Amino acid sequence: MSAHQQGTELDLSWISKIQVNKPAVLRRAEQIQARRPVKKEWQAAWLLKAVTCIDLTTLSGDDTASNIQRLCYKAKYPIREDLLKALNMHDKGITTAAVCVYPARVCDAVKALKAAGCDIPVASVATGFPAGQTHLKTRLEEIRLAVEDGATEIDVVINRTLVLTGQWKGSDFIKTSTGKETVNATFPVAIVMLRAIRDFFWKTGNKVGFKPAGGIRSAKDSLVWLSLIKEELGDEWMKPELFRIGASTLLADIERQIYHHVTGRYAAYHDLPMS
Amino acid sequence: MRTGVVGLILPPTFPFLDMMWRICPALAVGCTVVVLVPPATPTPLLLAQLAGELAPFPGILNVISGPDSLGPVLAAQPGVQKVAFCGATEEGRALRRTLAGWGPELGLALAAESLLLLTEVADVDSAVEGIVDAAWSDRSPGGLRLLIQEAVWDETMRRLQERMGRLRCGRGLDGAVDMGARGAAARDLAQRYVREAQSQGAQVFQAGSVPSDSPFFPPTLVSDLPPASPCAQAEVPWPLVVASPFRTVKEALAVANGTPRGGSASVWSERLGQALELAYGLQVGTVWINAHGLRDPAVPTGGCKESGSSWHGGQDGLYEYLRPSGTPAWIPYLSKTLNYDAFGLALPSTLPAGPETGPAPPYGLFVGGRFQAPGARSSRPIRDSQGSLHGYVAEGGAKDIRGAVEAAHQAAPGWMSQSPAARAALLWALAAALQRREPNLVSRLERHGVELKVAKVEVELSVKRLRAWGARVQAQGCALQVAELRGPVLQLREPLGVLAIVCPDEWPLLAFVSLLAPALVHGNTVVLVPSGACPIPALEVCQEMATLLPAGLVNVVTGDQDHLTRCLALHQDIQALWYFGSAQGSQFVEWASAGNLKLVWVNRGCPRAWDQEAEGAGPELGRRAARTKALWLPMGD
């Protein structure tokens with residue numbers, strides 16, 4: 001995880017000067033999906049890179065210690081050992097970037113990761129996820145408790161009431177949405193956010209990270225996200241310190257793609273370990 | 001009705017899609033096509049293969065591969081009714097000169113350069129993507145002139161250079177590549193331009209990963225080019241972008257319109273009012289707002305000024321291959337002995353007239369809203385059908401033409417901004433005034449041998465036509481709906497500018513009015529040369545126009561028809577010339593129009609039935625009196 005942001009003074013004039021032309025952004029979003037296709041061994045490499053940027057997530061009402069344990073094990077061994085050996089990547093320490101759970105399950109996650117001998121961070125959603133409509137006191141207490149339990153990253157839900165009245169605060173990462181909305185991470189929205197990150201970096205020298213979450217299910221999509229980051233921001237941002245993908249079923253699709261690359265055959269879901 | 005056989009001359013590296021856009025409408029309306037393509041390019045071979053597969057109708061599409069010099073040969077073949085040329089400006093000009101007098105109508109589509117205007121209230125990142133699309137992709141037709149408002153100059157340059165760094169060049173068929181190459185000729189042209197620009201003091205920035213072997217040329221950004229340098233006037237080759245700053249919207253329009261080319265342009269601004277102001281003010285064929293390079297077969301695409309007069313797409317594209325029903329086929333009327341340098345050069349001297357019946361003050365020239373004496377300070381006598389003197393009219397010359405064109409240009413902005421209703425009202429007033437003058441006009445016509453009945457009909461029809469044209473022109477523009485685009489595309493009809501008309505000798509009053517009315521009502525200002533044998537009815541009408549119309553709107557210059565035609569045809573600031581005189585004059589007009597590629601309409605020496613509705617007041621007149629502009633307005637917030 002990168003060093004914390006120093007932050008800058010809030011200057012609302014930066015925001016008022018911004019112009020966004022939606023039809024043009026939509027055209028760019030369409031274009032980026034068509035260009036820069038990656039094939040063969042380069043595709044396998046990019047998929048492994050995508051794996052290292054995943055925040056493996058489980059946010060369901062029926063999470064218990066057992067499925068958390070399964071998730072953490074999958075985070076430590078995201079791709080089957082023999083497939084990695086075939087790609088000669090078995091000793092590179094390929095794991096997902098983090099594991100993301102509800103605050104009540106942070107304990108279980110930390111225990112499971114310690115048992116697996118893995119040092120990847122545990123991220124917790126907090127502050128009244130997903131709506132954020134709880135009292136400030138309880139929201140702050142949630143964060144404190146999650147950190148006490150061992151979470152080292154927090155996905156904070158901003159107070160939309162404050163946003164809509166123009167009262168902002170800063171962060172280390174910006175995320176497209178909670179992932180629980182009807183429309184989550186789309187390319188046009190991402191393009192605008194990435195341009196804002198780049199402008200902020202040019203103005204202040206601070207690098208803010210980016211996390212798209214929700215609706216990213218196919219390996220092809222993850223490749224498009226990576227090329228979008230590379231095109232708009234450059235190679236420095238294609239690292240887990242500055243880029244995360246919030247996903248749960250994506251890992252399975254990536255694993256199937258890698259299986260196909262290694263063996264030339266399409267795998268069934270039961271061929272590969274569950275997460 | 002359809003035109004007949006169409007000859008199409010294409011340049012090297014012409015995209016297949018553009019070829020189809022020109023061939024398919026021709027075939028659809030029933031014309032047959034012969035395509036001349038340069039040798040050693042692979043795309044036309046695909047075309048030839050397709051042509052060969054049209055088994056039920058062999059011969060409707062033919063492809064010939066040969067050098068440029070075959071172009072005039074193709075056009076000179078008997079039966080070819082239209083020649084469409086796509087390519088470089090100078091070659092188009094040369095073709096226009098060679099084809100003068102040969103008969104087929106010539107349509108030119110020249111100069112692929114486009115313009116991108118970036119204001120300070122634009123979404124700069126999206127505009128940078130627009131620049132990449134416009135100049136550094138395989139879809140781009142040519143180079144790009146970039147006008148950036150000073151306030152956002154630094155920001156735009158920085159983002160542009162950063163974006164250029166991520167462009168990838170390579171073989172065009174590789175899917176992950178942004179742009180390919182277009183042959184050694186294109187690369188040499190770009191190389192030469194860059195060298196010249198550098199020698200004239202410009203900054204050149206090249207980036208993107210380019211394979212080192214030829215013929216790849218890297219994406220190039222040229223800035224700080226002095227506006228007065230020759231490079232700034234020349235067409236920008238692909239894949240170059242030449243950037244210049246501007247301070248205000250007014251300056252932007254002046255700089256943008258300050259080239260002889262007028263193909264396509266895009267305006268980037270989030271302020272609707274400002275964007276539309278710029279869009280309407282740019283003298284180009286297509287304007288995109290906050291987008292660049294959008295195309296659709298239902299939208300007419302073409303240019304103005306020296307970008308040529310031919311259109312493809314939409315209704316205008318179909319009209320290219322049609323002509324009014326009943327028009328005979330064009331045949332060559334070439335006079336090989338015509339000396340272009342000597343035509344109309346010398347003024348024939350006029351003998352003084354014999355004894356006069358009474359003092360008749362000579363009519364002056366009607367320029368700038370009033371009658372004035374000609375520069376040469378001489379008059380010519382007009383004789384009636386009996387041979388006796390009818391009156392004196394001014395002997396106009398080159399200086400008078402120049403003055404008339406200047407007066408017309410001065411009146412043009414005011415007249416263009418009038419609403420169609422205001423223009424119609426003025427024409428109605430003129431019609432009423434003509435009606436009051438009827439006895440006078442009839443007697444004048446009678447003196448020239450026109451029967452009383454016919455003269456009355458002539459005057460009546462003139463009045464009727466003035467009223468009819470006034471009523472016919474509706475408000476500007478209709479909105480087209482384009483598939484896959486959210487938002488309208490406006491198809492505007494704009495005035496050409498200054499229109500010069502040389503009136504025929506048949507139907508002296510009616511032809512004069514029938515040509516004047518559509519030209520005026522579409523927003524043009526006019527310079528007319530009335531009938532040589534019988535100019536007096538026209539001059540009588542001028543007396544009414546002096547009181548009714550704004551000064552400079554209509555200018556009438558009398559004198560030797562050939563000499564005045566020469567002056568008009570060679571004038572660089574006339575946008576169109578309608579000539580209804582002799583065959584030799586028609587040939588000269590076609591030849592001389594190559595100077596500034598003005599639109600011409602000649603009668604090839606054949607008289608026209610002005611009293612018939614179809615020929616005297618048909619839609620052809622309306623189509624020729626204005627030009628189209630397509631205005632794209634993608635919507636979304």
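As a basis for the values below, the full set of heavy atoms in this structure was taken, side chains included, without hydrogen atoms, waters or symmetry mates. Owing to the predicted nature of the structure, the values given are computational and were not obtained by experimental measurement. A, B, ... follow the sequence lines: proteins, then strands. Residue 1 opens every chain.
Contact annotation for B:I289: neither backbone nor side-chain heavy atoms come within less than 4.5 Å of a heavy atom of chain A. Using a 4.5 Å cut-off between heavy atoms, B:V121 contacts chain A through both its backbone and its side chain. Contact of B:D178 with chain A is made through backbone and side chain together, with heavy-atom distances under 4.5 Å. For B:A122, the part lying near chain A is the backbone, with the side chain staying farther off; criterion is any non-hydrogen pair under 4.5 Å. Heavy atoms of B:E120 lying under 4.5 Å from chain A are absent altogether.
Options B:R163, B:H292, B:R486 differ in how many heavy-atom pairs under 4.5 Å they form with chain A, and the most are formed by B:R163. When each of B:E270, B:E155, B:E129, B:R158 is checked for heavy-atom pairs under 4.5 Å with chain A, B:R158 comes out on top. Interface summary for chain A: among B:G487, B:G130, B:A291, the most heavy-atom pairs under 4.5 angstrom belong to B:A291. Of the listed residues (A:R28, A:Q31, A:E232), the greatest number of heavy-atom pairs within a distance under 4.5 Å of chain B belongs to A:R28. Across A:K39, A:R35, A:R195, the residue that shares the most heavy-atom pairs under 4.5 angstrom with chain B is A:R195.
Residues B:S223 and B:Q203 have side chains that never bring a donor and an acceptor to within less than 3.5 angstrom of each other. The closest side-chain donor-acceptor pair between B:W238 and B:S140 falls under 3.5 angstrom.
Within the 4.5 Å cutoff, side-chain heavy atoms of B:D18 are placed close to those of B:R295.
Taking the charged nitrogens against the carboxylate oxygens, A:R244 and A:D55 do have a contact shorter than 4.0 Å, which makes a salt bridge. Contact check on A:R198 versus B:D125 returns a salt bridge, with a Lys/Arg side-chain nitrogen under 4.0 Å from an Asp/Glu carboxylate oxygen.
For A:W237 and A:F201, the distance between ring centers is under 6.0 angstrom.
Looking at residues two or more places apart in sequence or on another chain, you find a side-chain contact (heavy atoms from CB on, under 4.5 Å) between A:H90 and A:E81, A:L84, A:K85, A:N88.
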